[in-house]
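Convention: sequence-line order gives letters A, B, ...; per-chain numbering from 1. Model, not experiment: these values are computed from the prediction.
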Amino acid sequence: MKQVEVIEKPSHEGKRKALVLAEDRVGHYPEFREFFIRCFSLDTNGLSKSGYIRGPSGMLYSLVFVGRSGESFPDGLEIYALVDALEPLSEEDVDTDLWAFLRWMIQGIAGEWKVEDLDATGRLYQLPFLSRQG
Amino acid sequence: MKLDAAKLPMPPGHFVHEEWPYEPRFKRVNGWRIHYIDEGSGDPVVLLHGNPAWGFLYRKFIKPLIAAGRRVIVPDMIGFGLSEKPVREQAHSLDGHIANLTSLLRQLDIRNATMVCHDWGGPTGLGFALSNPDRVRALVVMSTWAWPVPPAEFHKRIFPWRMMHAPLIGPYLLGRHNALAGRGMYLSVVDRRRFRDDAQSVYEGILPDPATRLLTWTWPRWIPLDDTARGLERFQWLERELKKSKFPTLLVWGREDEVFDHKTFATRFKELLPHAEGPELVTGRHFLQEDSGDEIAKKINAFLDRIGRRKV
């Protein structure tokens, strides 16, 4: 499976942002929050910039970090696919891109969090595209 | 004219099933629309489900309990079944869910109730019982817990438990792919073929879209794993108050339950409630109602008959 790549802010011209995944509690396990702070320099950027990644399908995604007063930043995270403004999403691409994103995230968090455990969890719950990949 | 959503005839998602011929009822609790059924007459038996189930889990209990002269109330927890499903994780808390149940049962002016508690129906139902002892007569406890960390070795493991509901993975796996109501429940029954043929699609179908499945990964995050956890004080309170309580109690456990295994969990309940009857073991994993619904209903009827005779 190809890797996720962190990229600079791409052009939004002719694109729309399609919400594909939302997390209300990034810091439920604090190492997840720390990973995003490290990866996207959130300790200096704060709310001023979104993060951007390219998925294995080539689709671009915007990572919008959410702050909530009284909680450590970022508290939430919304992932938007940047798609051609009037075109529908390929759900299959989104599914496999998000899975690659989750693997990349777990790899970056490291420590007791292991990609093999994520893969085993995906297999246990029979994610349809994992069985298609054999 | 003010529109009262709780009195609207039917919200979206009307449910029709041959094993669920019950009239849907609704109330407002803490600003949410809660669905429940209320059938039969007599002393009430309140059947409480957990994650990711809904009242349908108790379909085999309802007729035998009514036939024995009891009133049966089955609420769907806010976030599940035909109740309103908030779309923000911050809408859910253990105290909030206890307060939701309290609001419903006070509106119905429930007295002399038997609280049948399973999974998260445990901490919520026991929370109601312990804070409203004048309304409760007895407890039936199945595959749940009511004390602080750690509930089970399983809940501390990364694979599969913590990974399944981890940040972003929970919304992906349990949200986009409905993993808990589908495969998760399937893995937690004994007769998997029967479950797949008779019930799995009902549990999956009642949570049709990712946004409706929020509570399936939110509840696991409320299980305390260390002393910094949310809800820890409420679990400490539950344990403390339960130890003092004298409610007649029946423990029923699935013989094959490998998550809340009876040797650990039923034994712990017996330590807290030495007067409790049981554990009566039946065929079943965590969702023991699916494998042994008729048998458990008989056990509850027999238990309530016994304590009824004692009262006389």
Side-chain angles (χ1 to χ4, degrees), chain A residues 19-36 61 63 66 68-71 74-79 91-92 94-106 108-131, chain B residues 52 79 86-93 154-188 192 196 200 204 209-211 213-226 228-231:
Chain A
L19 180 66
V20 293
L21 197 69
E23 170 57 66
D24 278 337
R25 198 173 151 83
V26 171
H28 178 71
Y29 296 120
E31 53 271 39
F32 284 67
R33 174 190 286 129
E34 284 152 21
F35 167 74
F36 288 109
Y61 295 86
L63 273 53
V66 178
R68 193 171 280 116
S69 53
E71 301 291 340
D75 195 35
L77 173 54
E78 295 166 354
I79 303 181
E91 289 203 46
E92 206 169 305
V94 170
D95 249 351
T96 51
D97 282 351
L98 286 176
W99 186 249
F101 166 80
L102 297 176
R103 295 181 91 249
W104 168 77
M105 175 183 76
I106 290 295
I109 293 167
E112 60 180 348
W113 297 91
K114 295 184 169 46
V115 173
E116 304 86 84
D117 285 338
L118 176 64
D119 287 343
T121 306
R123 284 194 300 273
L124 178 68
Y125 289 101
Q126 298 185 327
L127 289 180
F129 61 88
L130 286 184
S131 57
Chain B
V87 295
R88 301 298 301 273
E89 181 157 342
Q90 285 74 11
H92 294 290
S93 69
F154 173 82
H155 297 111
K156 290 193 286 185
R157 277 189 237 139
I158 292 219
F159 171 74
W161 181 252
R162 289 170 65 203
M163 188 65 87
M164 178 193 80
H165 67 258
L168 293 148
I169 298 169
Y172 179 83
L173 201 59
L174 278 58
R176 276 182 80 86
H177 292 284
N178 208 6
L180 205 59
R183 179 84 172 155
M185 285 190 80
Y186 171 87
L187 293 171
S188 300
R192 290 173 174 162
R196 190 191 58 205
Q200 185 171 338
E204 289 175 317
D209 309 304
R213 302 167 190 153
L214 174 86
L215 192 51
T216 68
W217 70 86
T218 298
W219 265 143
R221 295 177 180 183
W222 273 88
I223 295 177
L225 294 180
D226 59 39
T228 65
R230 301 174 292 176

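With a threshold of 4.5 angstrom between heavy atoms, Ile158(B) approaches chain A through side-chain atoms but not through N, CA, C or O. Contact annotation for Arg68(A): only side-chain heavy atoms (C-beta onward) come within less than 4.5 Å of a heavy atom of chain B. Of the two parts of Arg162(B), the backbone and the side chain both hold a non-hydrogen atom closer than 4.5 Å to a non-hydrogen atom of chain A. Only the side chain of Leu21(A) comes within contact range of chain B, with at least one heavy atom under 4.5 Å from a heavy atom of that chain. The contact between Leu124(A) and chain B is made by backbone and side chain atoms together, counting heavy-atom distances below 4.5 Å. With a 4.5 Å cut-off on non-hydrogen atoms, Arg221(B) touches chain A through its backbone and its side chain both. Neither the backbone nor the side chain of Glu116(A) comes within less than 4.5 Å of any heavy atom of chain B. At a 4.5 Å heavy-atom cutoff, the contact between Tyr29(A) and chain B is made by backbone and side-chain atoms alike. In this structure, chain B has no heavy atom under 4.5 Å from any part of Phe35(A). Using a 4.5 Å cut-off between heavy atoms, Leu225(B) contacts chain A through its side chain alone, with no backbone atom that close.
For Val115(A), the side chain to side chain contact (heavy atoms under 4.5 Å, CB included) partners are Arg103(A), Ile106(A), Gln107(A), Asp119(A), not counting sequence neighbours. Asp226(B) meets the side chain to side chain donor-acceptor pair (under 3.5 Å) test with Thr228(B); sequence neighbours excluded.
Smallest separation of non-hydrogen atoms from Ser93(B) and Trp219(B): O-CH2, 4.3 Å.
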Worked verdict on Phe101(A) versus Leu63(A) for side chain to side chain contact (heavy atoms under 4.5 Å, CB included): CA-CA 11 Å; Phe101(A) 166 80; Leu63(A) 273 53; 3.9 Å; yes
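For the set Glu89(B), Met163(B), His177(B), the entry with the most heavy-atom pairs within less than 4.5 Å of chain A is Met163(B). Note: Gln90(B) leads Met164(B), His165(B), Gln90(B) in heavy-atom pairs under 4.5 Å with chain A.
Met105(A) has its side chain within reach of Ile169(B): a pair of non-hydrogen atoms, C-beta onward, lies under 4.5 Å apart. Using a 4.5 Å heavy-atom cutoff, the side chains of Trp217(B) and Asp24(A) are not in contact. Inter-residue side-chain proximity for Leu127(A) and Trp99(A) is flagged as met; some heavy-atom pair is nearer than 4.5 Å.
Judged by a 6.0 Å distance limit and a 45° cone about the ring axis, Arg192(B) is positioned over the six-membered ring of Tyr186(B).
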